[in-house]
Amino acid sequence: MKERVERLRAKLEEAGLDALLVSTPENRRYLSGFTGSAGYLLITRDEAVIAVDFRYYEQAETQAPDFRLFRGTGPVSAWYQRLFEGLGGKTVGFEQHHLTYAGYKTLAKAVEELPEASRPKIVPAPPLVEDLRVIKDAGEIAAIQAAIDLGDAAITHVMERIQPGWTEKQVAWEIEKYIREHGGDGTSFPTIVAGGPWGALPHAYPRDVALEEGQGVVIDMGVTLNGYVSDLTRTIFLGEPDDQFKRIYDVVHVAQQTAAELIEAGMTGGQAHQLASRVIEQAGHGDRFGHGLGHGVGLQVHEAPRLAPNSQDELKDGMVFSIEPGIYIPGWGGVRIEDLAVLEHGKVRVLSRAPKLAFTGSYA
């Protein structure tokens with residue numbers, strides 16, 4: 001944690017800030033190790049403070065031993081005034097993508113009520129901690145892999161048992177139950193289960209509707225384990241797949257494999273997206289792939305980088321992201337295949353291992 005704080009301090013210098021007020025839970029955890037649901041970090045050029053209320057005093061002392069504990073009492077406005085002691089005339093950044101407007105008003109009012117000489121200058125900060133988080137260290141990659149492995153096991157468990165008559169909600173529950181029973185903290189987002197035409201909705205929700213023989217089923221799920229998350233999609237078929245399903249599935253599968261083989265460090269997220277979208281376009285389904293190819297995954301299920309048509313994010317070694325092309329046809333259904341991967345030595349290493357269908361050459 002100390003090394004992360006030092007890297008942040010270097011970024012403070014670059015951003016022209018004297019301190020950063022950290023309120024985003026994932027950023028708080030990344031810098032301090034504190035897993036509580038409320039609190040702040042104040043990182044200055046020479047001090048690291050964790051501010052929590054009575055509920056978290058002991059937890060913060062245990063989990064964030066390198067931080068000075070600020071014992072918050074009373075309204076948050078009073079916290080700010082005490083927390084900013086000694087920062088008069090200094091520039092303090094706040095996390096503009098997390099702090100609500102109401103929270104900002106409380107912060108600004110508290111600063112305004114300080115004596116003029118004691119007031120820091122409060123400014124919106126760029127995503128400094130997120131910029132650090134985008135490159136995963138070996139420990140983080142191992143933590144993500146553990147979440148992936150549990151997700152692979154959960155979806156494999158269900159794919160081996162699912163049958164016509166199960167409802168979409170039942171499938172989602174079986175996945176969550178497996179995760180909980182095997183040490184997971186829960187799902188990283190509400191599980192998507194979409195049978196037949198419902199699969200044409202990329203973010204469909206599971207219904208109390210029975211799955212039928214002769215249907216494709218899109219299952220998108222993830223695991224939260226020790227703070228880190230996974231994300232995985234498989235599309236299966238109940239019964240013997242028909243030719244149309246085989247063709248659509250093969251296009252998506254080839255698009256995913258092409259991206260995994262050709263993505264390399266130095267590309268933009270937009271260039272990576274084009275590797276897969278070009279395959280889908282050439283197969284005549286360009287207008288049926290309307291979302292980005294992928295997104296970063298770590299402490300959150302959606303973080304940098306973005307792999308999408310207009311993304312200028314540069315892909316670098318140590319980034320973990322999804323590769324998830326799809327085709328969605330209203331009235332018929334959809335196919336999406338998603339794996340998580342890490343960039344290492346300039347190339348992709350796929351981390352997900354759950355089985356996929358194989359219809360080699362069908363779409364040609």
Side-chain angles (χ1 to χ4, degrees), residues 151 155 158-159 162-175 187-222 231-259 273-295 301-302 306-309 322-339 352 354-359 362-364:
I155 203 165
V158 168
M159 289 192 299
I162 190 172
Q163 56 187 300
W166 282 31
T167 66
E168 293 171 348
K169 283 186 175 181
Q170 183 180 354
V171 176
W173 170 241
E174 286 294 327
I175 289 171
T187 58
S188 53
F189 57 90
T191 301
I192 294 169
V193 182
W198 194 237
L201 282 67
H203 277 191
Y205 55 87
R207 306 164 297 169
D208 194 20
V209 171
L211 300 171
E212 299 177 8
E213 181 87 11
Q215 281 188 333
V217 183
V218 180
I219 304 173
D220 188 347
M221 51 79 63
D231 194 358
L232 175 76
T233 306
R234 291 293 183 262
T235 303
I236 64 173
F237 199 88
L238 298 179
E240 182 62 32
D242 57 33
D243 289 342
Q244 183 177 10
F245 180 87
K246 290 179 180 179
R247 285 194 300 270
I248 298 299
Y249 190 97
D250 263 359
V251 173
V252 175
H253 194 195
V254 170
Q256 193 203 34
Q257 288 182 312
T258 299
H273 175 89
Q274 286 301 318
L275 295 172
S277 67
R278 195 175 298 119
V279 173
I280 294 173
E281 288 166 6
Q282 290 173 349
H285 296 286
D287 59 342
R288 302 300 189 190
F289 176 33
H291 58 73
L293 176 64
H295 54 85
V301 78
H302 286 94
R306 291 178 61 250
L307 283 66
S322 65
I323 303 175
E324 50 178 303
I327 292 175
Y328 310 92
I329 303 174
W332 178 79
V335 172
R336 181 166 66 254
I337 309 170
E338 175 186 19
D339 291 315
S352 311
K356 304 173 190 177
L357 301 176
F359 310 116
S362 294
Y363 94 88

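Fair warning: this is a prediction, and the values are worked out from it, not measured in the lab.
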Less than 4.5 Å apart, side chain to side chain, heavy atoms only: is that true for [X] and [Y]?
X      : Y      : value
Phe289 : Pro325 : yes
Val171 : Val217 : no
Arg288 : Pro330 : yes

Gap separating the [atom1] atom of [X] from the [atom2] atom of [Y], nearest 0.5 angstrom:
X      : Y      : atom1 : atom2 : result
Ile337 : Ile323 : CD1   : CD1   : 12.0 Å
Ile236 : Ile162 : CD1   : CD1   : 4.0 Å
Glu213 : Leu238 : CD    : CG    : 7.0 Å
Glu338 : Leu293 : CD    : CG    : 10.0 Å
Met159 : Glu174 : CE    : CD    : 14.0 Å
Ser277 : His285 : OG    : NE2   : 14.0 Å

Can you sort out the partners of [X] under side chain to side chain donor-acceptor pair (under 3.5 Å), two or more places apart, ordered by chain and number?
X      : result
Gln256 : Asp339, Lys356
Thr191 : none
Arg278 : none
Glu168 : Arg207

- Message: Filter on salt bridge (charged side-chain N to carboxylate O under 4.0 Å, His left out), then keep only pairs touching residues 189-198, sequence neighbours left out; what's left?
- Response: none
- Could you tell me whether the side chain of Arg234 and the main chain of Ile155 form a donor-acceptor pair under 3.5 Å? no
- Item | Residue pairs, two or more places apart or on separate chains, that pass side chain to side chain donor-acceptor pair (under 3.5 Å) and touch residues 324-334 | Gln244-Trp332, His291-Tyr328, His295-Glu324, Ser322-Glu324, Tyr328-Arg336
- Item | Proximity of His203 and Phe189 rings by center, below 6.0 Å | no
Shortest non-hydrogen contact from [X] to [Y]?
X      : Y      : result
Pro197 : Gly331 : CG-O, 3.8 Å
Leu275 : Thr258 : O-CG2, 3.9 Å
Ala259 : Ala276 : CB-CB, 4.2 Å
Gly165 : Gln170 : O-OE1, 4.5 Å
Ile280 : Gly326 : CD1-O, 3.9 Å
Pro202 : Ile192 : O-CD1, 3.8 Å

- Please step through side-chain contact (heavy atoms from CB on, under 4.5 Å) for the pair Val252 and Val279, ending with a clear verdict. CA-CA 8 Å; Val252 175; Val279 173; over 6 Å; no
- Task: Among Leu357, Thr235, Thr233, Val218, find the one that has a side chain to side chain contact (heavy atoms under 4.5 Å, CB included) with Val335.
- Result: Thr235
- Item | Working for side-chain contact (heavy atoms from CB on, under 4.5 Å), residues Trp198 and Gln215 | CA-CA 10 Å; Trp198 194 237; Gln215 281 188 333; over 6 Å; no
